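Quick notes on the structure that follows.
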2 protein chains.
Amino acid sequence: MVSKKRDNRASGRVTLDDVALAAGVSRMTVSRALRGDRKVAPELVARAIQAANRLGYVPDPAARALASSKSSHVAILIPLLSNQLFVDLLEGVQRTLLPTGYQTLMGVTHYDASEEEQLLKGYLMHRPAGLLVTGSEHSESTKQLIAKSGIPCVHLMETLAQDGIYSVGFSQRDAARVVTQHLIDTGRRRIAFAAAQLDPRTLQRAHGYRDCLKEAGLYDATLEWQNPAPSSLKIGSTMFEQILSIRPRVDAIFFCNDDLAQGGLLAALRMGIKVPRQVSIAGFNDLPGSAEFVPSLTTIKTPRWEIGVRAAKMLLQLMRGEPVAEPNVDLGFELVLRQSTAVA
Amino acid sequence: MVSKKRDNRASGRVTLDDVALAAGVSRMTVSRALRGDRKVAPELVARAIQAANRLGYVPDPAARALASSKSSHVAILIPLLSNQLFVDLLEGVQRTLLPTGYQTLMGVTHYDASEEEQLLKGYLMHRPAGLLVTGSEHSESTKQLIAKSGIPCVHLMETLAQDGIYSVGFSQRDAARVVTQHLIDTGRRRIAFAAAQLDPRTLQRAHGYRDCLKEAGLYDATLEWQNPAPSSLKIGSTMFEQILSIRPRVDAIFFCNDDLAQGGLLAALRMGIKVPRQVSIAGFNDLPGSAEFVPSLTTIKTPRWEIGVRAAKMLLQLMRGEPVAEPNVDLGFELVLRQSTAVA
DNA sequence: CTGAAAGCGCTTACAG
DNA sequence: CTGAAAGCGCTTACAG
């Protein structure tokens, strides 16, 4: 029995040297075998893996990070967690990354460019292996930081087609067009657009709304309502009341997010305005509750969970240095027809 | 000009040695000065800090973790992110921890004990400096893992008073009593309890409901409805319909979470049942939308953001080895009276 | 294909 | 109070 010589600083954990000793090979061979590095004799790989399992070896992420200058962290920056949209996105990412051994560091930017920058700086000093950021609009220095870091990065939620930029999302603009066209198709003519938060994706939806109405010859700039306040049921109620009091003949409202639309539905209820008979209402994102509301809410179902999964997979390829066949993935969307826009 | 001798493995980052060189002291002195270790001459501290700032020195977390066997990570385990409650909790934690340099690793357990255990194991191999877990009920091996790890841990959301256990929360049971008593006080006699998910805290609320009705001599076990499905507007609607169809004379329903109550409110609307005239409805947590609903929802406002902040502060003390004056903090709750339980 | 050496950037433990 | 030495547990880079 050879008792291991151990300094009193040892952490007590099973190390590569322990496994090497047990397997009768060098530390390096175990290291390579366990990471699946090529050029290790199959027999030695087997011995190493067996010994590692027997001893319950778990690699130390800190040591690995220090030696290789690569961490097992993936940082993800999202605007909010109070919108279920981003919760689903995050779940998709975590589900995909967790089994691969990567740890997710999640930062909430609150739609604030300087908060985003601060968070990014914080994550960058941990030298994450990969980066996931929401959207394409960022402060100049945020973009610089990402580019200079050389760390693989995938952009979420939007469709981009820039060289060297990776993204998974869908066309916010097209989705808004589809909603607007549906309102036109169901006989509406005075269609308002109600937006809050005014983040980049909301503004892209505003474009889609505008495009569609202009093509139909129905565009009226005074029917576009934008409120920079954070999106909420409450602000949706307020906006509904405003719109109807100032423009009582409006016959449809496209809210840029379901929480606003739900608030609008509640305001209509309080005001005794019939939906969809008098005003037809559509939302965006198909958030929890929209199918249960009275009336149920027509909306766009967005593939945020799938975006999370797909983006994480793409990032995995990038982190491994594998080629990415499709750097800009469009996952589409789906118009969900419900009572709130039924033909009057 | 002395050019630094650098191996080609160097990461290019500014290291402690660079700072030491610039400050004209040893690496150790800089290390101690920067960490605020005692027993460094004030003048040298100043020089070290100045040099560090000038060079833009940022300590490498991996190196620090490896050398000290202590990471800068705090792991937090929460059941869900789709309940705003936990989002607020997490925000409170992040807000408090971020400026201190600790990174948060967040894991979602989905109310699943084995998922919780898996996540915990994953985090433990990163040797986090601290642990934050939701509630007090965990699998035996989860408890063992936490205890054996020796890592400081604070329990969230509940009030506990066990030796050696740290917690920040409020009494779920008392809060439920207060709601129930309010329903009694407003003249209700056939008060149903509708619960979903059936997690520990929900069951504690059931106890409070039961206690209160028993004391009032109004308890009827057949008015307790428990559905193990995840809490949602939809399940709340379903439960409301069930309760009213089977027990049409019920005059109040206490839903254990606001999303259920909101669903109940919508079901009542669809069924043409007047709230609060025929049935009074109360919820729990004061989630977004509850103040805007029609009618607005009476509920318990829970201090989850404050719980996050306070728990993070307590954990900080524990991680620094400082004494904790109050190991079990009760942050209370507030009954918010709204229209849904107004006197008929 | 395998391994001995050196090093990643920090902190611990020990002298002085 | 300060510093030289050694080490944390791994991987890179280089020989063989």
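Each chain gets a letter, A, B and so on, in the order the sequences are listed, and its residues count up from 1. Note that this is a predicted model, so its numbers are computed, not measured.
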Of B:G24 and A:Y57, the one whose nearest nucleotide on DNA chain D sits closer to the 5' end is B:G24
Any N or O donor-acceptor pair under 3.5 Å from the base of D:dT11 to the side chain of A:R27?
yes
Paired runs of 3 or more consecutive Watson-Crick or G-U pairs involving DNA chain C, with both pairing distances under 3.5 Å, are C:1-3 with D:14-16, C:5-12 with D:5-12, C:14-16 with D:1-3
Nearest-angstrom distance from the residue atom CG of A:D17 to P of C:dA5:
13 Å
Name all residues meeting the side chain to side chain donor-acceptor pair (under 3.5 Å) criterion together with A:D112; count only those two or more places apart in sequence or in a different chain, and write none if there are none.
A:S114
Ignoring backbone atoms, test whether A:R35 places a side-chain nitrogen or oxygen under 4.0 Å from the OP1 or OP2 oxygen of D:dT11.
yes
Going by side chain to side chain donor-acceptor pair (under 3.5 Å), name the residues that satisfy it together with B:R27, two or more places apart in sequence or in a different chain.
B:D17
Below the 4.0 Å mark, does C:dT12 have OP1 or OP2 next to a side-chain nitrogen or oxygen of B:R64?
no
Residues B:R310, B:E326: salt bridge by 4.0 Å N-O rule:
yes
Check this for me, if you would: do B:D60 and A:R127 make a salt bridge, where the nitrogen-to-carboxylate-oxygen distance has to be below 4.0 angstrom?
yes
Respond yes when some side-chain nitrogen or oxygen of B:S26 is under 4.0 Å from OP1 or OP2 of D:dG3, and no when none is.
yes
5'-most contact on DNA chain D (nearest-nucleotide basis), B:T29 vs A:A62, goes to B:T29
For C:dC10, does either OP1 or OP2 sit under 4.0 Å from a side-chain N or O belonging to B:S31?
no
Within the structure shown, what part of the strands sits under 4.0 Å from B:V58 by heavy-atom distance: base, sugar-phosphate, or nothing?
sugar-phosphate
Distance check needed: D:dG16 P versus A:M28 CE, whole Å only.
17 Å
Tell me which nucleotide among C:dG3, C:dC10, D:dG9 gets nearest to the side chain of A:V25.
C:dG3
Compute whether any side-chain donor of one residue and acceptor of the other, for A:E115 and A:T109, lie under 3.5 angstrom apart.
no
